[in-house]
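None of the values given here were measured: they were computed from a predicted structure.
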Amino acid sequence: MILGWIAREVGVGSLLAAFGWGALLAGLLQGVPLAADGHVTGVGHVATPFAALAGLAMTALVAVHGATFLTLRLPAADAAPLARTARRLVAVALAAVALAAVAGALSDRVRAATQRPLPAVLLPLVLVAALLAARAAHARHRPGVAFAATSAALALPVAGVGAALWPYALVSTVAPTASLSVTDAAASGPTLTVLGWLALPLLPALLGFQAMCWWVFRERTDGRAPVYW
């Protein structure tokens with residue numbers, strides 16, 4: 001009973017996190033009410049059809065990615081039906097991405113805030129290609145390739161939004177001169193120098209630990225391990 005309640009809470013929380021991440025990216029892409037004093041007024045700017053559809057699209061992408069990861073790590077007998085589920089979820093994700101793309105193209109705010117239209121146009125197309133590649137990989141029983149494709153599909157929205165807004169990090173919808181550029185948002189030179197020296201010894205250790213975790217758990221789980229990373 002307790003484990004079931006925890007599982008439901010974790011599931012709902014994960015869905016809300018995925019939806020919120022998609023809505024946040026959409027909010028950045030359609031601009032924010034950034035005033036000249038550097039403050040964003042209110043949160044109502046996120047409550048748009050485009051943000052809602054982008055949140056649903058991100059939720060669908062996360063669901064596809066999660067199902068694909070399970071096909072890669074669960075026992076082969078359990079992975080086969082999950083692969084079929086993942087292929088169905090790909091169709092849902094394709095529809096959600098298409099709806100979000102149409103809503104973005106029709107949004108005056110998105111068109112006004114976008115600094116580089118080409119990345120904004122290419123993002124849905126590359127996303128569709130990554131999802132189709134994942135679906136084809138599942139059909140060929142190649143979960144590793146499918147996982148790489150869904151990983152790319154999850155990373156593409158972040159890269160696409162950043163490229164579409166460049167050279168700005170935040171585009172103001174109320175005062176164009178108040179838009180925050182990437183240069184202004186970046187840390188100062190001395191701060192980056194200190195962080196760089198701190199990261200120098202830590203980065204190899206973090207990468208090594210991550211590689212060790214993947215190596216230790218590289219095989220499919222057999223159900224005997226109480227915790228699986």
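A pairwise comparison of heavy atoms in A51 and A26 identifies CA-CB, 3.6 Å as the closest pair. For the residue pair A93 and A60, the shortest heavy atom distance occurs at CA-CB, 3.7 Å. In terms of heavy-atom proximity, T68 sits nearest to A86 at OG1-CB, 4.3 Å. Of all heavy-atom pairs spanning A113 and Q115, the tightest one is O-NE2, 2.9 Å. Listed here is the closest heavy atom pair of G27 and V32: O-CG1, 3.8 Å. Between L82 and L70, the shortest heavy-atom distance links the atoms CD1-CB, 3.5 Å.
Remark: L154 pairs with M58, L61, V62, H65 by the side chain to side chain contact (heavy atoms under 4.5 Å, CB included) rule, at least two apart or across chains. With sequence neighbours left out, T193 forms a side chain to side chain contact (heavy atoms under 4.5 Å, CB included) with W197. Not a single side chain to side chain contact (heavy atoms under 4.5 Å, CB included) links V121 to another residue, sequence neighbours left out. Judged as a salt bridge (charged side-chain N to carboxylate O under 4.0 Å, His left out), and not counting sequence neighbours, the contacts of R111 are D108.
Put simply, the side chain of V158 reaches to within 4.5 Å of the side chain of W21, judged on heavy atoms.
Applying the salt bridge (charged side-chain N to carboxylate O under 4.0 Å, His left out) test to pairs two or more places apart or on separate chains, none has a residue in residues 161-177.
Residue H141 holds its NE2 atom at 11.5 Å from OG1 of T71, rounded to the nearest 0.5 Å. Here L25 contributes atom CG and L165 contributes atom CG; the two are 10.0 Å apart, rounded to the nearest 0.5 Å. Note that CG of L72 is 6.5 Å distant from CZ of F147, once rounded to the nearest 0.5 Å.
No hydrogens or angles considered: a donor-acceptor pair under 3.5 Å links the side chains of T48 and Q30. Side-chain atoms of T191 and S188 include a donor-acceptor pair closer than 3.5 Å.
Between the side chain of S172 and the backbone N or O of L34, at least one donor-acceptor pair lies under 3.5 Å.
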Would you mind writing out the side-chain donor-acceptor pairs for residues 128-135 within the sub-3.5 Å range, not counting sequence neighbours?
residue : atom : partner : partner atom : Å
R135    : NH1  : R87     : O            : 2.7

